Enquirer: 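A single structure is presented below for examination.
What you are looking at is a predicted structure, and each value in this text was computed from that prediction instead of being measured. A note on names: the letters A, B, ... follow the listed sequences, proteins ahead of strands, and every chain is numbered from 1.
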Protein chains: 2
Amino acid sequence: MGDVARIAGVSASTVSHVLNGTRKVDSATRLRVEAAIEQTGYRRNVVARSLAAGRTHTVGLSISALTNPYFGSLVHAVERALSDAGFVLILGDSHDDVESEKRVTDSLLERQVDGMIVAPAAGSERVTLPKITRTGTPLVLIDRGVDIGCDRVGPENFSASQSLTEHLLDLGHRRIAVVRGLAGISSTTERFDGYCAALASRGMAVDADLVIDGHSSTDVAEREVRLLMSARDRPTALISLNNSMTIGTLKAVRALGLSIPADVAFSCFDDFEWSDLFEPRLTAAAQDVETIGATAADLLLRRIHGHDAAPQQIRVPTTIHHRNSCGCPDANR
Amino acid sequence: MGDVARIAGVSASTVSHVLNGTRKVDSATRLRVEAAIEQTGYRRNVVARSLAAGRTHTVGLSISALTNPYFGSLVHAVERALSDAGFVLILGDSHDDVESEKRVTDSLLERQVDGMIVAPAAGSERVTLPKITRTGTPLVLIDRGVDIGCDRVGPENFSASQSLTEHLLDLGHRRIAVVRGLAGISSTTERFDGYCAALASRGMAVDADLVIDGHSSTDVAEREVRLLMSARDRPTALISLNNSMTIGTLKAVRALGLSIPADVAFSCFDDFEWSDLFEPRLTAAAQDVETIGATAADLLLRRIHGHDAAPQQIRVPTTIHHRNSCGCPDANR
DNA sequence: CTGAAAGCGCTAACAT
DNA sequence: ATGTTAGCGCTTTCAG
């Protein structure tokens with residue numbers, strides 16, 4: 001930058017100001033500076049800039065399992081919104097484990113991110129999250145998490161899951177098994193609650209034998225569903241609470257040679273690009289991932305820019321696609 | 001850091017050294033420093049550290065379409081390898097467009113990343129890549145890209161695609177259509193070359209009417225395949241060259257009410273988690289994404305650490321899963 | 001084994 | 001409209 005200043009015959013200060021548009025510069029001198037920049041191939045050092053200015057234009061994102069297409073789309077949406085605003089994304093994988101999560105977020109904090117978006121692991125509200133808020137770093141929770149007094153955006157879980165269940169109930173099913181996701185995270189809980197509420201509204205109790213925990217693993221789900229569906233009094237319908245669970249469930253059903261919906265009706269939370277391709281086409285609750293990601297970025301950016309308002313808790317509507325895995329007689333198409 | 005030093009009764013210099021283990025410190029004083037750190041809740045400022053030390057422990061990754069599960073897994077693998085080495089990942093999406101790519105990589109360079117991994121967009125070798133290498137920033141190309149004298153790691157494309165095609169040929173097909181991905185990127189070219197080579201080895205010429213360009217869009221692929229398969233002299237087999245093309249192709253086939261493999265045999269490049277679930281199960285060439293990602297991270301880390309050797313061009317083997325969409329009589333399982 | 005001091009490359013008052 | 005100057009918070013010679 002010194003070089004540029006010298007060549008343009010101005011001070012470093014002026015160079016800085018033309019670079020950032022932070023104050024009025026005579027157009028003649030600006031031109032000289034720009035020429036000098038061009039000539040030297042100068043590229044500013046954002047690290048130094050960050051140190052001096054006290055802001056990094058950087059946002060940290062902590063999620064688990066980028067392998068999951070759902071999170072891939074989420075990151076994609078967040079990245080786009082941030083880069084449009086001149087921010088850059090630092091990515092950390094928490095592996096859905098508080099310890100890793102603490103390491104990840106610590107590292108982000110050390111790097112002076114201007115804000116953070118986190119899809120909290122189970123138990124995060126007791127350890128990771130308070131640590132972040134204590135630093136004053138703007139934080140928005142995404143996908144899941146409890147109310148800890150910060151912005152939060154996630155899908156509508158309860159009612160979507162409830163509808164999915166009621167639909168099966170309407171079709172006459174009385175033994176509906178549910179495959180839950182990872183325990184301890186709000187999305188699992190809320191979706192399960194929706195399931196329970198649907199049963200309750202029909203005066204039915206939840207049968208513990210029909211509740212399967214797939215943790216966050218496709219394999220576990222497959223094994224458990226296989227076990228359940230091998231029993232003589234197997235359920236007549238299956239509902240899966242997230243995309244990994246769905247894959248495990250479908251694998252189990254397939255392995256047993258059962259057919260959907262003839263032998264067992266099926267519907268699931270989370271849509272796939274191939275839901276339409278599956279035979280039968282899957283009845284699924286589709287989250288609006290793009291909106292969730294973009295909204296999170298927006299909320300965060302607003303906080304970063306000093307916007308000071310009551311924390312918002314946003315639920316993005318979930319859309320149910322009635323297709324035919326549920327055995328629905330009147331599926332569209 | 002000044003606070004910590006004062007409380008521990010040492011100099012900032014010593015604090016720095018206990019923090020980084022950069023020189024021997026008497027265990028008594030180290031204990032005092034550590035206590036002071038604990039007590040103050042001190043967290044180092046990595047930005048300042050980076051500026052002073054001249055390295056950021058940061059790696060930039062430029063890819064397109066995180067929405068694609070393939071890239072999601074890639075990022076996942078890279079992230080893990082990097083974080084194990086104490087590095088952090090900054091993510092940028094190039095949208096498979098050189099202009100965006102230039103912006104992304106410029107921004108990464110400004111941020112003084114210690115190295116970069118890029119899945120180059122078409123034409124990148126003429127504009128983006130030289131700019132990077134000129135800065136001396138270690139660079140490794142991933143997934144695709146031509147030889148520009150830097151490390152490169154990607155899947156084995158040619159022979160896998162050739163095998164896929166030969167297999168169809170072996171099954172008696174003579175009119176095999178191919179659905180290509182985005183033009184101008186090496187993976188598309190190499191896979192198409194594999195297809196051509198297979199035909200050539202049987203003394204067959206490539207029929208231009210059987211070559212479909214799906215660009216990078218599922219929708220385009222669907223439309224084109226639909227057109228092709230509606231013709232009276234439609235091909236007897238279809239081969240798709242990447243996962244997006246596969247989805248488009250399958251949608252088209254499904255929409256036409258054709259059945260696989262009875263009406264048309266099918267095989268594809270890229271495996272899905274649900275390939276096994278599809279009816280019929282998909283014959284596919286599976287890339288070893290994890291290995292590709294981890295290898296790229298490794299190569300880069302090595303360069304960053306000053307390892308100076310001839311650029312490596314690594315091809316990670318692609319595995320063909322023979323299932324039954326190809327109409328294979330003896331598919332395993 | 002430890003401290004002093006000179007930067008790293010930039011920003012942002014404060015002057016003029 | 002532009003320049004001067006004092007840092008931002010750390011690392012790292014160089015001394016002792």
Side-chain angles (χ1 to χ4, degrees), chain A residues 1-37 40-58 86 88 106-114 135-137, chain B residues 1-37 40-58 86 88 106-114 135-137:
Chain A
M1 190 159 138
D3 291 347
V4 173
R6 198 171 318 115
I7 294 178
V10 297
S11 72
S13 178
T14 297
V15 175
S16 169
H17 283 114
V18 339
L19 237 31
N20 301 306
T22 31
R23 85 176 172 195
K24 206 154 178 28
V25 175
D26 185 273
S27 60
T29 54
R30 174 192 294 113
L31 251 38
R32 287 204 325 277
V33 171
E34 279 162 355
I37 289 175
T40 55
Y42 168 78
R43 178 178 284 128
R44 73 180 155 189
N45 182 327
V46 174
V47 173
R49 172 175 140 100
S50 297
L51 179 60
R55 350 184 332 172
T56 55
H57 287 272
T58 272
V88 125
D106 266 349
S107 148
L108 293 172
L109 255 17
E110 281 186 336
R111 293 197 128 85
Q112 314 296 115
V113 294
D114 290 338
T135 66
T137 308
Chain B
M1 191 158 138
D3 290 349
V4 173
R6 198 172 318 112
I7 294 179
V10 297
S11 72
S13 177
T14 296
V15 175
S16 169
H17 284 115
V18 339
L19 236 32
N20 301 305
T22 29
R23 84 177 174 197
K24 205 150 181 30
V25 175
D26 185 273
S27 61
T29 53
R30 174 192 294 111
L31 253 38
R32 288 205 323 279
V33 172
E34 279 162 355
I37 289 175
T40 54
Y42 168 78
R43 177 179 284 128
R44 74 178 155 190
N45 182 327
V46 174
V47 173
R49 172 176 141 100
S50 297
L51 179 59
R55 350 187 330 174
T56 55
H57 287 272
T58 271
V88 124
D106 266 350
S107 148
L108 293 172
L109 254 16
E110 282 186 336
R111 291 193 130 86
Q112 316 295 117
V113 294
D114 291 339
T135 67
T137 308

Enquirer: Give every residue pair that meets the salt bridge (charged side-chain N to carboxylate O under 4.0 Å, His left out) criterion with at least one member in residues 15-31 of chain A, sequence neighbours excluded.
Expert: none

Enquirer: Compute the bend angle of the helix from C:dC1-D:dG16 to C:dT16-D:dA1 from the end axes (five pairs per end), rounded to 10°.
Expert: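 Rounded value for the end-axis angle: 30°.
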
Enquirer: Hey, could you give me each pair passing salt bridge (charged side-chain N to carboxylate O under 4.0 Å, His left out) that has a residue in residues 10-20 of chain B? Not counting sequence neighbours.
Expert: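 Every candidate salt bridge (charged side-chain N to carboxylate O under 4.0 Å, His left out) pair involving residues 10-20 of chain B fails, so no pair, neighbours aside, qualifies.
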
Enquirer: Below the 4.0 Å mark, does D:dA1 have OP1 or OP2 next to a side-chain nitrogen or oxygen of A:T14?
Expert: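 The answer is no; no side-chain N or O of A:T14 sits under 4.0 Å from OP1 or OP2.
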
Enquirer: Counting any heavy atom closer than 4.0 Å, what does B:T22 reach on the DNA or RNA strands: base, sugar-phosphate only, or nothing?
Expert: nothing

Enquirer: Go through the structure and list residues passing ring pair (Phe, Tyr, Trp, His ring centres under 6.0 Å) with A:H17, not counting sequence neighbours.
Expert: none

Enquirer: Among all residues two or more places apart in sequence or in another chain, which pass the side-chain contact (heavy atoms from CB on, under 4.5 Å) test with A:R49?
Expert: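 Once residues adjacent in sequence are excluded, the partners of A:R49 under the side-chain contact (heavy atoms from CB on, under 4.5 Å) criterion are A:N20, A:R44, A:H57.
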
Enquirer: Give me, pair by pair, the N or O atoms of the protein and of nucleotides 13-16 of chain D that are less than 3.5 Å apart, along with how far apart they are.
Expert:
none

Enquirer: Check whether any side-chain heavy atom of B:V88 sits under 4.5 Å from a side-chain heavy atom of A:R111, and report yes or no.
Expert: yes

Enquirer: When you measure from the side chain of B:S16 to the backbone N and O of B:A12, does any donor-acceptor pair fall under 3.5 Å?
Expert: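 No.
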
Enquirer: As an exercise, state the distance from CG of A:N45 to CD of B:Q112, rounded to the nearest 0.5 Å.
Expert: 3.5 Å

Enquirer: Mind checking which nucleotides bracket the chain B contacts on DNA chain C, 5' to 3', with an atom under 4.0 Å from a heavy atom?
Expert: C:dC1 to C:dG9

Enquirer: Which residues pass the salt bridge (Lys or Arg N to Asp or Glu O under 4.0 Å) test with B:R43, not counting sequence neighbours?
Expert: A:D106

Enquirer: Taking only residues two or more places apart in sequence or in another chain, which ones pass side-chain hydrogen bond (donor to acceptor under 3.5 Å, both in side chains) with B:T137?
Expert: B:T135

Enquirer: Any side-chain to backbone donor/acceptor pair from A:R32 onto A:A8? Under 3.5 Å, distance only.
Expert: yes

Enquirer: With sequence neighbours left out, write down each residue that passes side-chain contact (heavy atoms from CB on, under 4.5 Å) with B:I37, or none if nothing qualifies.
Expert: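 B:V4, B:L19, B:V33, B:Y42.
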
Enquirer: Separation of B:L19 atom CG from D:dT12 atom P, in whole Å?
Expert: 12 Å

Enquirer: Distances under 3.5 Å between protein N/O atoms and the N/O atoms of nucleotides 8-10 of chain D, please, pair by pair.
Expert:
residue : atom : partner : partner atom : Å
D:dC8   : O2   : A:A52   : N            : 3.2
D:dG9   : N2   : B:A48   : O            : 3.4
D:dC10  : OP1  : B:Y42   : OH           : 2.4
D:dC10  : OP1  : B:N45   : N            : 3.1
D:dC10  : OP2  : B:M1    : N            : 3.3

Enquirer: Quick one: side-chain hydrogen bond (donor to acceptor under 3.5 Å, both in side chains) partners of A:T56, sequence neighbours excluded?
Expert: A:D114

